[in-house]
Participant: 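One structure, pasted below without further comment.
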2 protein chains.
Amino acid sequence: MAAAAIGRREQNKLEKRGRIIAAARALFTHKGFDATTSQEIADAAGVAGGTIFTYAKTKDDLLILVFHDEMMDVAERGYAAARGSGALVDQVIVYFETMVSYHQRDLPLAHALMRQLGYVGGDDQRALVRELMTRVLGRLAQLVEAAKARGEVAAASPLLPSARSLFAIYYFHLGGLLSGYLDRPQFDRNLRTDLGLLLRGLG
Amino acid sequence: MAAAAIGRREQNKLEKRGRIIAAARALFTHKGFDATTSQEIADAAGVAGGTIFTYAKTKDDLLILVFHDEMMDVAERGYAAARGSGALVDQVIVYFETMVSYHQRDLPLAHALMRQLGYVGGDDQRALVRELMTRVLGRLAQLVEAAKARGEVAAASPLLPSARSLFAIYYFHLGGLLSGYLDRPQFDRNLRTDLGLLLRGLG
DNA sequence: CTTCAAACATGACTGCGCTCAAAATTCTGG
DNA sequence: CCAGAATTTTGAGCGCAGTCATGTTTGAAG
């Protein structure tokens, strides 16, 4: 049989997985992460309590499942919005601002998600994070590549490390914002300063 | 009364706090974080179960208390070790390597700690994280400052943003190492590449 | 169609983090 | 030294994340 052929078993698993993710997303958004019990998710998804944990090893891991698709999309939208801008700094800032405004819709949830990103339990979820990271860094690298073509970035600058470093700076400040060490204006200022520094270099 | 005068009440609280932290450290190190119950910590510290949670809002927050002092010290030792080396890149790498080898002693615990750093519950713990961050960035800034005096770094480079960015890059890769996305050689390579990139600049 | 094995779902159950009303301890003013 | 206010400790109890033995469904082989 071709790999595309799927039996009733896999079909059911996919449907159930979809219902669980949808239920979790709705409840997390509506009640908050902590206030949502795994039993509520199970009820809303029409499955037994224990079934949740065959799709995500922990309740925390559900966050990865819930956000993966949306975040993949946000990266795309951020890239699309960033291409238009002028200098690379501005492009990169537009890219990250797109992500931040997505997180702004629900800061506590974003906080919980960020916490979880560095602590994934299941292998499936780990693969999802890898995929997401690849996408996010890939789009960044494209911005850098275009800037290189424009002569705005040195030809010698390696793409992936550049993208990684830009993201590392964003991620660090995002943590500060979500943890309450920074308010939004501070975040914006720090981000611009530090990204600019990376682009210009310390040397 | 002078602020230095402390009554029996505060004296007792300090002692109890010390016992709790010591007990938690011993148990975390010996049994691991997850395998240690809050009751065990309480027993070892000679207090009732509920008392733990007047000193740390959550079990997770205990990690901050346990590691604060040691990490402050590691930053000092890293700085002392780094001053000797030659170029700024190498100094910074020595600084971070000192921290990494400290974490290597107990990777799962370091992982738990890192997770917790971005999710502090109590205000006291938050202040401790602030203090630690200030120390870590401050020592880094000193290295940059000295390099600036040597003419190795542009006079225009602002110290704090530079230190922040260097740390952000380290922190990002540390997360990759602790989460198992990177092995040690990859970590070392990435760190050197990206720190060098920041120092040279993309432009 | 029947039989058997493998994969999956179930939900009662367990253990632990954390709460909170009550008890114990310390402080203060007279 | 005493009464009573203020703060801290206590530990039984609660709710929930996560487990696992049992039951159910699916797929394959004859």
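Just so you know, these numbers use all the heavy atoms, side chains as well, and skip hydrogens, waters and symmetry mates.
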Participant: With sugar-phosphate meaning primed atoms plus P, OP1 and OP2, does T51(A) contact a base, only sugar-phosphate, or nothing at under 4.0 Å between heavy atoms?
Facilitator: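 Base contact.
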Participant: Can you identify which nucleotide, out of dA17(D), dT10(C), dG17(C), has its nearest atom closest to the T37(A) side chain?
Facilitator: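 Nearest nucleotide to the side chain: dA17(D).
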Participant: Check the distance between dC20(D)'s P and I52(A)'s CD1 and give it to me in whole angstrom.
Facilitator: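 It works out to 18 Å between those atoms.
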Participant: In whole Å, I'd like the distance from the CD1 atom of I41(B) to the C1' atom of dC18(C).
Facilitator: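 Computing the I41(B):CD1 to dC18(C):C1' distance gives 13 Å.
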Participant: Not counting sequence neighbours, list each pair that qualifies as a salt bridge (charged side-chain N to carboxylate O under 4.0 Å, His left out) and has a residue in residues 46-66 of chain A.
Facilitator: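 For residues 46-66 of chain A, and leaving out neighbouring residues, the salt bridge (charged side-chain N to carboxylate O under 4.0 Å, His left out) pairs sorted by first residue read D60(A)-R115(B).
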Participant: Could you check G49(A) against T58(B) and say which one's nearest nucleotide on DNA chain C is further toward the 5' end?
Facilitator: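 Nearest nucleotide further toward 5': that of G49(A).
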Participant: Could you check which of dG17(C), dA9(C), dT8(D) has an atom nearest any side-chain atom of K16(A)?
Facilitator: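 The listed nucleotide nearest to K16(A)'s side chain is dA9(C).
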Participant: Between P on dT9(D) and CZ on R19(B), what's the gap in Å once rounded to a whole number?
Facilitator: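 Taking atom P of dT9(D) as the reference, CZ of R19(B) is at 10 Å.
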Participant: Using the ring pair (Phe, Tyr, Trp, His ring centres under 6.0 Å) rule, collect all pairs that involve residues 21-62 of chain A, keeping only residues at least two apart or in two chains.
Facilitator: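 Checked against ring pair (Phe, Tyr, Trp, His ring centres under 6.0 Å) - neighbours excluded - the pairs reaching residues 21-62 of chain A are F28(A)-F33(A).
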Participant: Among dT8(D), dA9(C), dT10(C), which nucleotide sits nearest the side chain of K13(B)?
Facilitator: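 So the side chain of K13(B) is nearest to dT8(D).
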Participant: In whole Å, I'd like the distance from the CG atom of L62(A) to the P atom of dG18(D).
Facilitator: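 About 9 Å, once rounded to whole Å.
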Participant: Can you run through DNA chain C from 5' to 3' and write each base as (, ), [, ], | or . depending on how it pairs? Watson-Crick or G-U wobble, both distances under 3.5 Å.
Facilitator: ||||||||||||||||||||||||||||||
Participant: With sequence neighbours excluded, what pairs up with K31(A) under the salt bridge (Lys or Arg N to Asp or Glu O under 4.0 Å) test?
Facilitator: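 Partners of K31(A) under the salt bridge (Lys or Arg N to Asp or Glu O under 4.0 Å) test: E40(A).
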Participant: For dT9(D), does OP1 or OP2 lie under 4.0 Å from any side-chain N or O of Y55(B)?
Facilitator: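 For dT9(D), OP1/OP2 do have a side-chain N/O of Y55(B) under 4.0 Å.
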Participant: Rounded to the nearest Å, what distance is computed from the CD atom of residue E40(A) to the P atom of nucleotide dG11(C)?
Facilitator: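 Between P of dG11(C) and CD of E40(A): 17 Å.
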Participant: Judged by modelled atom types alone, do H68(B) and Q125(B) share a side-chain donor-acceptor pair under 3.5 Å?
Facilitator: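 No donor-acceptor contact under 3.5 Å links the two side chains.
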Participant: Does dC16(C) have OP1 or OP2 under 4.0 Å away from a side-chain N or O of S38(B)?
Facilitator: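 Negative; the distance criterion is not met.
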Participant: Find the distance K57(A):NZ to dT19(D):P and express it as a whole number of Å.
Facilitator: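 Rounded to whole Å, this separation is 8 Å.
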Participant: Going by the salt bridge (charged side-chain N to carboxylate O under 4.0 Å, His left out) test, which pairs reach into residues 163-184 of chain B, not counting sequence neighbours?
Facilitator: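 Residue pairs with at least one partner in residues 163-184 of chain B: D194(A)-R164(B), E97(B)-R184(B), R184(B)-D188(B).
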Participant: How many Å lie between CD on E10(A) and C1' on dT25(D), as a whole number?
Facilitator: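 The answer, rounded to whole Å, is 15 Å.
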Participant: Rounded to the nearest Å, what distance is computed from the CZ atom of residue F53(B) to the P atom of nucleotide dG17(C)?
Facilitator: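 Between P of dG17(C) and CZ of F53(B): 7 Å.
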Participant: How many angstroms lie between atom CD1 of I64(B) and atom OH of Y119(B), to the nearest 0.5 angstrom?
Facilitator: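 Rounded to the nearest 0.5 Å, the CD1-OH separation comes to 13.5 Å.
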Participant: To the side chain of N12(B), which of dT26(C), dT10(D), dA17(D) is closest?
Facilitator: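 Between dT26(C), dT10(D), dA17(D), the one nearest the side chain of N12(B) would be dT26(C).
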Participant: Please list every donor-acceptor pair under 3.5 Å in which a side-chain atom of residues 75-84 of chain A meets a protein atom from a residue at least two apart or in another chain.
Facilitator:
from	atom 1	to	atom 2	distance (Å)
E76(A)	OE1	R139(A)	NE	3.3
E76(A)	OE1	R139(A)	NH2	2.7
E76(A)	OE2	R135(A)	NE	3.4
E76(A)	OE2	R135(A)	NH1	3.1
E76(A)	OE2	R139(A)	NE	2.9
E76(A)	OE2	R139(A)	NH2	2.9
Y79(A)	OH	Q142(A)	NE2	3.2

